[in-house]
Amino acid sequence: MSGMKSAFSFDGIQIAFTSGQSIMQAVLDGGGYIPHLCYHPQLSVHGSCRLCMVKVGDRYLSACTTEAQNGMQVENQISELRELRLKLLEMLFAEGNHFCPSCELSGNCQLQALAYELGMTHSRFPLQYPTRKRDGSHATVFLDRDRCINCEICVRASRELDGKNVFSLSGRGSDTALQINSEDGRLGSTDLIATDSSARLCPVGALVFKQGNYAERPNERLYDTHIISETGNRRPAVVSGGYPELGE
Amino acid sequence: MIGPYQQLEASTQRTAIEQLFAEYWPAGIYRRDLLQVLVAVQQHFGWISSIAMRSIQTALRDSAISLGELQGIVSFYHFLQLSPAASWQIHLSSNITDLMAGQRGHWKTLTDYAAHWPERLQVRISSCTGLCDQGPAMLLNGYPIARLNPERVQQILQNVEANHPLQDWPSELFAVTTKIVKEGPVLQHQANPDAVLTQINSCGAERFLQELELSGLQGRGGAGFNTADKWRNCRAADGPEKYVVCNADEGEPGTFKDRVLLQHKLDNMILGMRICAEVVGAQRGFIYLRKEYLFLLPHIQSALQRFRQQGLISLGFNVDVHLGAGAYVCGEETALLESMEGKRGIPRIRPPFPTTYGYLGKPTVVNNVETFCNVTLIADHGAASFRQLGTDQSPGSKLHSVSGDCQHPGIVELPYGASIEELLQLVGAVDCQHVQVGGPSGRLLSRDAFSQPLDTAHVNSGGSFMVFDRSRKIPNLLANFMHFFARESCGFCTPCRAGTQLLADASRRLQSNATDDAELENIREICDTLKRASHCGLGKTAGDCGEQAIEKYSLHMAAKSLAASDVQGIAQQEDSAGLA
């Protein structure tokens, strides 16, 4: 332990970090894991899903938006945070339509994987059954807004990785919904192509490929066989139109 | 004042829009002007048509914007609409005090009419319009009408029916009165701008900052942050380009003290901004005025014009007005800055704070209207005089906007440290059971807490003070406040977007007694999630608000004997807090 290096305690384990890194970046770089959905290392920080809430002293902070500080004592795997994250997950399930058994992303979905991880059996909150517009106008990519969690990964990926501007959010509060930046508001009228990062990074089943789904048998899919805290947040090639996975 | 709105032919509309742009933005439209452009189009035409959006796309100088993004901005703000306008647009204030004064009946009368004549009248609800001392209130084509009663509503409908041009309507309808129950130093202060500025110039910025520090002035918007510290941070921040923003977006339900200050102490406020600019080295100031206070715009602009003519504000420091468009969350300073930049009003990740990264990424001071008035008071009379009132920890005085069940609703300026009881006596609240101090995002307090002092260390308040007598039921308060938070949540983070909606639904069931212990437990869990995990203060305070109300409700239910079942509560009058 060199005194020069910066490090903080993460559930009692020393995590090294470089100046300016967030708790999330440092932990992931160090091979650890904090539950998250809206964070992606190649994209600007969002901080909306709130699943990465950690505890520092008596404060609750989102790990992705909080800069690591030398000597910080960060708590992550404690029952109180598990319960908080479980409630957030249940809220996400309650506000959308997440019909896991028949969803194209089932078994490869990060929302579902986190539900497994946290031992979620049901949502304690009343399901809202939204009925937002679906969009099947694109040749290869299908959009189901009722499975969207407003994480804006596609919004950011389109702008920051693809050099395009295909997605944005509209509305406010519970009416917030993913919107397509084309003149007619349809995905098919945009310059989105299947190889775009924005089409391949959706952590849930909101943006899915039309072809090649259900290729794997249940019990053989990524999160059937692995837990997300070990694999990290991944969307395998098999549900990304066969295009290579964009790793964390 | 514009009305009735007319359906224009495409070419006429296009020409009118181009004229509007040429008049207000002769140098062209930039991305940061976007919200102002949209507000202007909305106010002139009653809606944002696709023709208008296309004109905006064409007129934008510095960046391209897609139709989708434009719609994303429009759909974020309550007072902007994408659907064609009826000739007359009404927004009914849905604050609890409006409902208590009979708003439900007016809602029914007006929506019945609108259902028959949708092309003539459109009726929507809005959050508090800042007229709680003279409610129930509404906005008609953006202009306030207070003291609604069945006769006035009929009068409005007759004018709608006759389709009289708005300027021909009886001006009495639009009168907004000021009721000052008790004045203190801020309301009594008449500053001589020349003298104050000469004094600031002779003593220098650093000396004044020391004086401000000595005064211990805390921000009056609700958070109570030390003003001198904020200014010092901005003064120390790098870069030649800095901004001063006056937050006149008072959206906290039950607050109207900034409206009164804007009406009566505007010079002091502008002077406070001018002093701030001097201290931090800013070249430009903005007054972020909530759209509900559009009627004050001519008054503000003429004051600014007068200041310019007198050389009190100049090329070295100019002040402009930026209008909001109906979003409570924009009272949060970083959401306000986003909105000023022409974007959706989503609160930023903090740090960095506005003092180093504010408007357009430049160091910015954002202070409340009342804070700037206090700055001028301190500049004029000094810190020692300022500290004569209030407590050691909370020096000075505070303006309270009092509404609800009392004989004298209006503005009360009290030294910090005065008790709730004192305030209640001043406004003639004889049968008060509960007070909501600081609005829904503040504290719900009952008789046992009325001896507590109103100051930043005990019961802190941004200025809303709503009084409830024995006839009012906690579930109705809860439902009203939860609907408010659900309507005003920006939708960015999971707990607030989902949680406020769940709470609004649950509170409605609680109003009709259709809840059990499991549901109460669920409400507590949602509140707890909001408090701990929300991205910004809105979600946190929504959770806090729900928790306090449920706590009171549980106590109430436990002491069944107190259940006021014989009292006609407002539950029978309104099926929900949101009216609709």
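In the text below, chain A, chain B and the rest are named by the order of the sequence lines, each starting its count at 1.
For the set A/E183, A/E95, A/M53, A/R50, the entry with the most heavy-atom pairs within less than 4.5 Å of chain B is A/R50. Between chain B and the residues A/T65, A/D184, A/L169, the largest count of heavy-atom pairs under 4.5 Å involves A/L169. Listed options B/E525, B/Q501, B/E519 were ranked by heavy-atom pairs under 4.5 angstrom with chain A; first place goes to B/E525. Between chain A and the residues B/A533, B/C493, B/S489, B/G491, the largest count of heavy-atom pairs under 4.5 Å involves B/A533.
In this structure, chain B has a heavy atom under 4.5 Å from the side chain of A/T176, while its backbone stays farther away. Heavy-atom distances place the backbone of A/I149, and not its side chain, under 4.5 Å from chain B. In this structure, no portion of A/S62 lies under 4.5 Å from any heavy atom of chain B. Residue contact with chain B, scored on non-hydrogen atoms closer than 4.5 Å, is absent for A/E67. For B/E488, the parts lying under 4.5 angstrom from a heavy atom of chain A are both the backbone and the side chain. Heavy-atom distances place no part of B/T500 under 4.5 Å from chain A, backbone and side chain included. Only the side chain of A/S168 comes within contact range of chain B, with at least one heavy atom under 4.5 Å from a heavy atom of that chain. With a threshold of 4.5 angstrom between heavy atoms, A/E83 approaches chain B through side-chain atoms but not through N, CA, C or O. Interface remark: B/R509 contributes side-chain atoms only to the contact with chain A (heavy atom separation under 4.5 Å). In this structure, no portion of B/A518 lies under 4.5 Å from any heavy atom of chain A.
When side chains are defined from C-beta on, A/E152 does not count as touching A/F167, because their heavy atoms never get closer than 4.5 Å. Contact annotation: the side chain of A/M91 approaches that of B/I526 to within less than 4.5 Å [non-hydrogen atoms, C-beta and beyond]. Counting only heavy atoms from C-beta outward, the side chains of A/L37 and A/L92 approach each other to under 4.5 Å. In this structure, the side chains of A/C38 and A/R156 come closer than 4.5 Å at one or more pairs of heavy atoms. Using a 4.5 Å heavy-atom threshold, the side chains of A/P203 and A/N233 count as separate. A/F142 places none of its side-chain heavy atoms less than 4.5 Å from the side chain of A/L207. The shortest distance between side-chain heavy atoms of A/R235 and A/L105 falls below 4.5 Å. In this structure, B/Q81 and B/Q122 have side chains that are in contact, with non-hydrogen atoms separated by less than 4.5 Å.
The pair B/E521-B/R524 counts as a salt bridge, with a side-chain nitrogen and a carboxylate oxygen less than 4.0 angstrom apart. A salt bridge is defined here as a Lys NZ or Arg NE, NH1 or NH2 lying under 4.0 Å from an Asp or Glu carboxylate O, and B/E547 with B/R532 fails to meet this definition.
Identified by a heavy-atom distance below 4.5 Å to chain A, contributing residues of residues 335-343 of chain B are lacking entirely. Residues of residues 54-79 of chain B that come within less than 4.5 angstrom of chain A, heavy atom to heavy atom, are B/R54, B/Q57, B/S66, B/L67, B/G68, B/E69, B/Q71, B/G72, B/S75, B/F76, B/Y77, B/H78 in numerical order.
Residue pairs meeting the ring-ring contact (aromatic ring centres under 6.0 Å, His included) criterion with at least one partner in residues 485-510 of chain B, sequence neighbours excluded, are A/H46-B/F492, B/F492-B/H535.
Residue A/L81 comes nearest to A/Y60 through the heavy atom pair CD2-CD2, 4.1 Å, listed as atom of the first residue, atom of the second, then distance.
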Distance-only donor-acceptor hits, side chain of residues 536-545 of chain B, under 3.5 Å, sequence neighbours excluded:
| residue | atom | partner | partner atom | Å |
| --- | --- | --- | --- | --- |
| B/T541 | OG1 | B/G537 | O | 2.8 |
| B/T541 | OG1 | B/L538 | O | 3.1 |

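Remark: B/R32 qualifies as a cation-pi partner of B/Y30 under the 6.0 Å distance and 45° angle criteria applied to the six-membered ring.
A side chain to side chain contact (heavy atoms under 4.5 Å, CB included) with B/Y328 holds for exactly one of B/S127, B/C490, B/P440, B/S441; it is B/S441.
Rounding to the nearest 0.5 Å gives a distance of 7.0 Å between CG of A/D58 and NZ of A/K55.
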